[in-house]
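Scroll down for the structure; my scribbles are underneath it.
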There are 2 protein chains.
Amino acid sequence: MTESPVHHEPPIYRRIADRLRDQILSGALSDGDRLPGENAIMAEYGIARATARQALAVLINEGLAVPRRGSGVYVRLFRPIRRHGSRRLSREQWGQGRAIWDSDTRGRSYTVDEVSIERTPASEQVARVLDCDEVWVRRRRYSVDGRPVQLAVSYFPADLVEGTAVTLPDTGPGGVYARLGDLGYSPVHFTEEVRARMPQPGEASLLGLPAGTPVIIISRLAYAAGGIPIELNEMTLDAASYVLQYDFDA
Amino acid sequence: MTESPVHHEPPIYRRIADRLRDQILSGALSDGDRLPGENAIMAEYGIARATARQALAVLINEGLAVPRRGSGVYVRLFRPIRRHGSRRLSREQWGQGRAIWDSDTRGRSYTVDEVSIERTPASEQVARVLDCDEVWVRRRRYSVDGRPVQLAVSYFPADLVEGTAVTLPDTGPGGVYARLGDLGYSPVHFTEEVRARMPQPGEASLLGLPAGTPVIIISRLAYAAGGIPIELNEMTLDAASYVLQYDFDA
DNA sequence: GTGCGGGACATCTCTAGAGAAATCAATGAT
DNA sequence: ATCATTGATTTCTCTAGAGATGTCCCGCAC
């Protein structure tokens, strides 16, 4: 019977992390505040450097703190901006349009960088969804106040876009969507798949994500009338920077 | 000019992690497979135990591996199940209803545990959203194949529920929603806010989440006709277990 | 066979120390 | 005033080792 229901006291590094987390979540420490560093923790608890580091690593992996080499470890709070999936509220804005929890877009600059656009053979998955072999791929990066927060990859069926007389990099006024609309391929329906996971190294460096920040991945498929898929948009969002909003009727 | 654009070679632990990640993502290692352990890595690269551990910690924090004490470190892949926000497809199921990426619900048992239901004063945030001072709070836990994957907390305005003759724990056939429907408070509109972050320790232990798994948080607000809020549902999902689906018209 | 014990092996916690690398403020030269 | 350097501080990387704790399997007693 090793089934002794003994309450193992958590290890030191975890208790230190718990203490610090309490201070952060209770508001005793706020956004940019500096946490006690390795040396301070070593001294205060009389432990080795590696153990003090382990305590801080807990908070860093939880996304509550960000280390800055040569400087210190700092509290990190969230100020997500809102992304509307279906924007169709109103009816007194469904409860006066009040956000359930707060978010913040005011006074921020929101910029879009065109990264690349090119024609390539479609991957297996994209081909299956878009029902074509060649696609135009368009990559963008969205930034808020200069910090990148979103990567987007759009896939357009090549045969469909080719009908637009203008080749894709030079789309003319209104962009690709206007040209598609000229051909009668305006989007009338969207499906979105949303998932979240930890970023891969490439995503983390492109978005400048500190440890402990998940990404939200949105796969949006746009359909023209008749159920014809016209765009697959894969978006990778810094989860700390976004809150998604959807609204729909029963 | 310390601005030398020198390409610092990444540290050893990171290169090891990169190698292992490649093997996982390329499919050379698959779902339950065992990764080389601390001792194997120490021997192979001739490094100290702590450094080998650091390499494995990278993958663990990325959610690609799960350590099992006394046993080893194992590859972890995702088999999310689908959660429909607005289920209103059809029109040949919008491209034959095919999922953009794969997910898997077949052959899994999906169970719901009623954890608690009680009447309490509303918190400030809940009071503001639901426009009332007292609420009924209902807590549930959802499991797939015995593993908990979702926690849900529902808030109902107390004054509204009280009109239902039956007190809340004993709602009769059809549950709370049927009783609310009897009073003409059927939900006609929903708003959902979706965000993702790393779990707090309580959430992690309740959901049995290994390191590197974010949670998705859905705040769903249901409105009856006239814009009257009748339920706030706060759901905490294991991000590795879920993919959300929304669909809507332009 | 069933169950129990023990050993091999794995991860986990922690110590002590050292040098590298980045930041930041103060100092000093121009 | 501006710029470069220097030094203190801080995090980062890594070594070497030890004991604790959990898992797994094999063999032994029943």
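By convention in this document, chain letters (A, B, ...) are assigned in the order of the sequence lines, proteins followed by strands, and residues within each chain are numbered from 1.
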Contact under 4.0 Å: A:Arg53 side-chain N or O vs D:dC12 OP1/OP2: yes

Under-4.0 Å side-chain N/O to phosphate OP1/OP2 contact, A:Thr51 with C:dT13: no

Between D:dC12 (C1') and A:Gln54 (CD): distance, integer Å: 15 Å

Six-ring centre of B:Phe156, B:Arg138 cation under 6.0 angstrom, axis tolerance 45°: no

Atom pair distance, as rounded to whole Å: OH in B:Tyr74 and C1' in D:dG22: 12 Å

Pairing of A:Asp18 and A:Arg21 as salt bridge, 4.0 angstrom limit: yes

Rounded interatomic separation in angstrom, taking CD from B:Glu9 and P from C:dA21: 12 Å

Among C:dT23, D:dC14, D:dA20, the nucleotide that comes nearest once only the side chain of B:Arg69 is considered: D:dA20

Among C:dT15, D:dT15, C:dT11, the nucleotide that comes nearest once only the side chain of B:Ala50 is considered: D:dT15

Phosphate-side-chain proximity, A:Ser71 and D:dT9, N/O vs OP1/OP2 below 4.0 Å: no

Phosphate-side-chain proximity, B:Asn39 and C:dC9, N/O vs OP1/OP2 below 4.0 Å: no

Exceeds 12 heavy-atom contacts within 6.0 angstrom, atom CZ of A:Arg140: yes

Atom pair distance, as rounded to whole Å: CZ in A:Arg49 and C1' in D:dC12: 10 Å

Phosphate OP1/OP2 of C:dT13 contacted by A:Tyr13 side-chain N/O (<4.0 Å): yes

Atom-pair distance (CD1 on B:Ile41; P on D:dC14), nearest Å: 13 Å

Touch class at under 4.0 angstrom, heavy-atom based, for A:Ile12 against every strand present: sugar-phosphate

Nearest-Å distance for atom pair CE/P, residues B:Met42 and D:dT15: 9 Å

Minimum-distance nucleotide to A:Glu38 side chain [options: D:dT21, C:dT13, D:dC12]: D:dC12

Proximity to the side chain of A:Pro11 - top-ranked nucleotide from C:dC14, D:dC12, C:dC12: C:dC14

B:Tyr45-B:Arg15 side chain donor-acceptor pair, cut-off 3.5 Å: no

Whether A:Tyr246 and B:Tyr246 hold their rings parallel, tilted or perpendicular, with breakpoints at 30° and 60°: parallel

Of the listed nucleotides C:dT15, D:dT10, D:dT15, the one nearest the side chain of A:Arg34: D:dT10

Integer-rounded Å distance: D:dC14 C1' and B:Arg14 CZ: 15 Å

Nearest-nucleotide 5' precedence on DNA chain D, B:Pro10 against B:Arg68: B:Pro10

